[in-house]
> 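Below: one structure in structure tokens.
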2 protein chains.
Amino acid sequence: MKTSPNKSIERLSMYRRLLRESENEGTENVYSHDLADAAGCTAAQVRRDLMLVGCSGNPKTGYQVKGLINCICNLLDTPEGDSVALVGFGNLGKALLPFFAKHHKKLVITATFDSNPKKIGEISNGCECYSMESLKKVISEKNIKIAILTVPAEVAQEVAEQLIEANIQGILNFVPIPLQLKNNIIVENMHVEIALEKVAYLTRAANTITD
Amino acid sequence: MKTSPNKSIERLSMYRRLLRESENEGTENVYSHDLADAAGCTAAQVRRDLMLVGCSGNPKTGYQVKGLINCICNLLDTPEGDSVALVGFGNLGKALLPFFAKHHKKLVITATFDSNPKKIGEISNGCECYSMESLKKVISEKNIKIAILTVPAEVAQEVAEQLIEANIQGILNFVPIPLQLKNNIIVENMHVEIALEKVAYLTRAANTITD
DNA sequence: AGTATATTGTGATTTTTTTCACAGAAAGAA
DNA sequence: TTCTTTCTGTGAAAAAAATCACAATATACT
Ligand SMILES: NC(=O)c1ccc[n+]([C@@H]2O[C@H](COP(=O)([O-])OP(=O)(O)OC[C@H]3O[C@@H](n4cnc5c(N)ncnc54)[C@H](O)[C@@H]3O)[C@@H](O)[C@H]2O)c1
Ligand SMILES: NC(=O)c1ccc[n+]([C@@H]2O[C@H](COP(=O)([O-])OP(=O)(O)OC[C@H]3O[C@@H](n4cnc5c(N)ncnc54)[C@H](O)[C@@H]3O)[C@@H](O)[C@H]2O)c1
């Protein structure tokens with residue numbers, strides 16, 4: 001077995017969301033070009049991505065929605081689901097918590113952490129806010145492997161190291177700095193500012209440049 | 001002139017942030033490998049990216065921090081800066097507003113919009129919340145070209161179309177659906193859930209797969 | 001002045017990702 | 001049954017991005 005290309009994973013996650021919508025609407029089959037239109041990519045790309053999950057379609061009826069969802073779930077999910085920690089229970093953290101609580105069955109935030117004594121003990125969305133002192137203990141008890149990092153930039157590197165120390169193996173990083181970690185740790189950056197700057201640049205470029 | 005590769009733009013934005021930190025610490029020169037270490041990429045890539053901005057270094061002293069920042073600003077910024085609209089002033093929007101207010105000089109959120117009458121007229125971070133009815137008027141008056149979209153998924157497509165109608169040319173989309181828009185509109189997606197699913201997948205893959 | 005050294009700038013190469021294009025297959029029509 | 005259509009699955013080609021590798025060069029040292 002081989003690890004699937006990054007981009008394909010992202011698209012598969014998107015396909016799954018779209019397929020679930022189709023399923024709710026009662027659609028039983030889809031063609032690669034239907035998915036492509038919905039996801040904003042090409043049909044060839046959809047088929048290539050779907051090859052990865054080992055689910056095949058039928059030249060006349062396309063792919064079975066249910067079957068496809070299952071195949072993608074097999075790749076993306078574990079049957080038991082994964083626990084996630086949210087570290088830094090500030091403005092952003094407080095927006096993210098209910099958002100994930102609403103959407104996800106298989107990826108559930110089961111603990112939040114903060115250094116501010118006022119926040120510790122607070123319970124929201126069925127999830128307690130713990131002190132940073134109890135990080136290692138709680139993460140081990142709840143068997144958490146993944147963390148969402150939303151602490152101030154000044155402490156992000158240090159907190160990330162604490163997380164690794166506590167056996168966290170993957171981080172979704174909202175802090176606008178590149179974390180310096182051993183490269184067996186998975187880090188996925190959500191750099192909001194960079195994304196906005198990119199939009200601004202591309203928008204301007206689209207106007208100025210006659211390509 | 002040619003539009004620069006997407007990935008380079010992202011990295012350049014990151015370099016600029018890092019360079020500004022260096023500048024604040026009094027550093028005057030950097031080598032490509034310094035920046036590479038800080039940004040988590042390779043020195044060759046840094047040099048390639050910097051070629052794009054047309055700023056050259058010196059084989060013995062490296063690049064001048066100040067000069068480099070200027071060159072990157074020339075590419076990424078307009079001298080006057082850009083106004084940005086935030087559409088959907090809910091949980092996420094309320095977290096994003098102060099975040100951008102704090103950080104950005106050149107990209108400033110100057111108006112927020114919401115359909116909820118209770119939110120309209122609310123002022124925070126020097127920025128008023130307007131009704132959707134006044135969208136076109138306010139966006140035109142303030143000469144806004146870029147919007148951040150944080151409305152519920154159900155209405156996102158429709159709201160996006162209103163934005164285009166109001167002459168918005170670029171959208172930073174936080175809504176987890178792929179917007180279907182004419183492709184002269186720049187759309188940059190921030191799909192938080194997808195990113196978390198990717199972290200979960202890669203974390204698991206790193207453990208299971210002996211590559 | 002000449003030499004040693006470390007870095008830049010950039011062609012060439014490799015790797016990764018996307019697109020093309022078409023053989024093979026399933027279903028319905030005649 | 002056979003023909004037609006429209007799709008899938010995938011090898012091959014193209015495009016995009018990253019890496020390699022090295023000549024050119026600026027500085028410090030002798
Ligand atoms: N607010 C946004 O919309 C937004 C968007 C993108 C990125 N970010 C980034 O996310 C991070 C958080 O942003 P925010 O707006 O929520 O800030 P915030 O100040 O509201 O929240 C930060 C939280 O981290 C806690 N904290 C501080 N030091 C800590 C430590 N050592 N260990 C654990 N917790 C600690 C604070 O008590 C606070 O609750 C920042 O790095 C910011 O740049 C924020
Ligand atoms: N909360 C998060 O952390 C988070 C993270 C990632 C993505 N998102 C996405 O961002 C979007 C907003 O999330 P949220 O948590 O802020 O939700 P929210 O319900 O708190 O905010 C949505 C806001 O949009 C407004 N709105 C509704 N219909 C509108 C319309 N037609 N025109 C203009 N405004 C309208 C609502 O009044 C509300 O203020 C959602 O699509 C969500 O999936 C949220």
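Proteins come first, then strands; the chains are lettered A, B, ... in the order of their sequence lines, and each starts at number 1.
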> For C:dT8 and B:Ser56 - does any side-chain N or O of the residue sit under 4.0 Å from the phosphate oxygens OP1/OP2?
no
> How would you summarise protein contacts on nucleotides 23-30 of chain C per nucleotide, using B for base, S for sugar-phosphate only and - for none, with heavy-atom distances below 4.0 Å?
-BBBS---
> What's the CD-C1' distance between B:Glu10 and D:dA16, to the nearest Å?
14 Å
> Restricting to non-hydrogen atoms, name the atom on B:Ser32 and the atom on B:Val46 that form the minimum distance, rounded to 0.1 Å.
O-CG2, 3.8 Å
> What I'd like to find out is whether the side chain of A:Val159 reaches to under 4.5 Å of the side chain of A:Met132, using heavy atoms alone.
yes
> Could you tell me the separation between the CZ atom of B:Arg47 and the P atom of D:dT19, rounded to a whole number of Å?
12 Å
> For a quick test of reading the model, state the closest non-hydrogen atom pair linking B:Pro79 to B:Lys106 and the distance between them.
O-NZ, 2.7 Å
> Could you state the CG-C1' distance from A:Leu52 to D:dT10, rounded to the nearest angstrom?
13 Å
> Does A:Tyr31 have a side-chain nitrogen or oxygen under 4.0 Å from the phosphate oxygens OP1 or OP2 of D:dT5?
no
> Please name the pair of heavy atoms, one in A:Asn125 and one in A:Pro98, separated by the smallest distance, quoted to 0.1 Å.
OD1-CA, 3.6 Å
> In whole angstrom, give the distance that lies between atom CG of B:Asn29 and atom P of D:dT27.
10 Å
> To the nearest Å, give me how far apart CD (B:Gln64) and C1' (D:dT27) are.
15 Å
> Is there any protein nitrogen or oxygen under 3.5 Å from a nitrogen or oxygen in nucleotides 15-19 of chain C, and what are the pairs?
residue, atom, partner, partner atom, Å
C:dT18, OP1, A:Arg11, NH1, 3.2
C:dT18, OP2, A:Arg11, NH1, 3.4
C:dT18, OP2, A:Arg11, NH2, 3.0
C:dT18, OP2, A:Gln45, NE2, 3.4
C:dT18, O5', A:Gln45, NE2, 3.1
C:dT19, OP2, A:Thr42, OG1, 3.3

> Round to a whole Å and report the spacing from CD1 of B:Ile9 to P of D:dA17.
11 Å
> Check whether any side-chain N or O of B:Asn207 sits under 3.5 Å from a backbone N or O of B:Arg204 as a donor-acceptor pair, and report yes or no.
no
> Check this for me, if you would: do B:Asp49 and B:Arg11 make a salt bridge, where the nitrogen-to-carboxylate-oxygen distance has to be below 4.0 angstrom?
yes
> Locate the shortest heavy-atom distance separating B:Gly88 from B:Val151; write the atom from each residue and the value.
CA-CG1, 3.6 Å
> Kindly give the heavy-atom pair with the smallest separation between A:Val175 and A:His191, and that separation in Å.
O-NE2, 3.3 Å
> State, to 0.1 Å, how close B:Tyr15 and B:Leu50 come at their nearest heavy-atom pair, and which atoms those are.
CD1-CD2, 4.3 Å
